[in-house]
Amino acid sequence: MPTPPDISDSEWSVMEALWERAPQTASEITKTLRPVTKWAENTVRTLLTRLVEKGALKTAENDSGTRTYAPAVKREACVRAEGESFMQRIFGGAAKPLLVHFAQNSKLTAEEVKELKKLLDQSLNK
């Protein structure tokens with residue numbers, strides 16, 4: 001899979017729909033997104049075109065000859081790239097201030113704190 005491209009918030013919505021179920025036509029994606037976004041099919045098609053140009057989506061034709069869209073990048077890779085970009089932009093690439101910020105400003109349950117401690121301990125053993 002290629003390096004994840006920079007994806008806007010609107011494009012992320014389209015990608016989420018396709019990571020959930022692919023391949024889909026533009027009409028199918030519009031039907032999926034319309035209840036939340038209120039986007040017209042032309043808006044969805046514009047976003048699809050951008051995502052294809054960025055290399056985030058690949059196209060094919062279904063049995064009836066209609067263009068379908070599917071992710072060309074994995075969701076996990078895009079999440080990782082977004083996380084690294086956020087950490088770089090907001091915290092200068094430093095993980096500690098990021099973790100401190102979220103620990104101090106999030107309402108974490110005891111179970112979540114336990115899980116985070118376990119993950120941090122595991123990162124020391126790598």
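What's counted below: heavy atoms across the whole structure, side chains too, no hydrogens, waters or symmetry copies.
- No side-chain donor-acceptor contact under 3.5 Å links Ser85 to the backbone of Ala81.
- The aromatic rings of Trp12 and Trp19 stand perpendicular to each other, their planes meeting at an angle above 60°, with 30° marking the opposite boundary.
- The shortest heavy-atom contact between Tyr69 and Ala22 is O-CB, 4.2 Å.
- With respect to Arg75 and Glu16, a salt bridge is recorded, a charged nitrogen being found less than 4.0 Å from a carboxylate O.
- Side-chain atoms of Leu18 and Leu48, non-hydrogen and from C-beta on, do get closer than 4.5 Å to each other.
- In this structure, the side chains of Leu116 and Phe102 stay at 4.5 Å or more apart for every pair of heavy atoms.
- Between Lys107 and Glu112, the shortest heavy-atom distance links the atoms O-OE1, 3.9 Å.
- More than 12 heavy-atom neighbours from other residues, nucleotides or ligands sit within 6.0 angstrom of CD on Gln122.
- Contact check for Val44 versus Arg34: no side-chain heavy atoms found under the 4.5 Å cut-off.
- In terms of heavy-atom proximity, Ala72 sits nearest to Lys58 at CB-N, 4.1 Å.
- The neighbour count for Arg67 CZ, taken as heavy atoms of other residues, nucleotides or ligands under 6.0 Å away, does not exceed 12.
- Expressed to the nearest 0.5 Å, how far CG of Asp6 lies from CD of Glu82 amounts to 6.5 Å.
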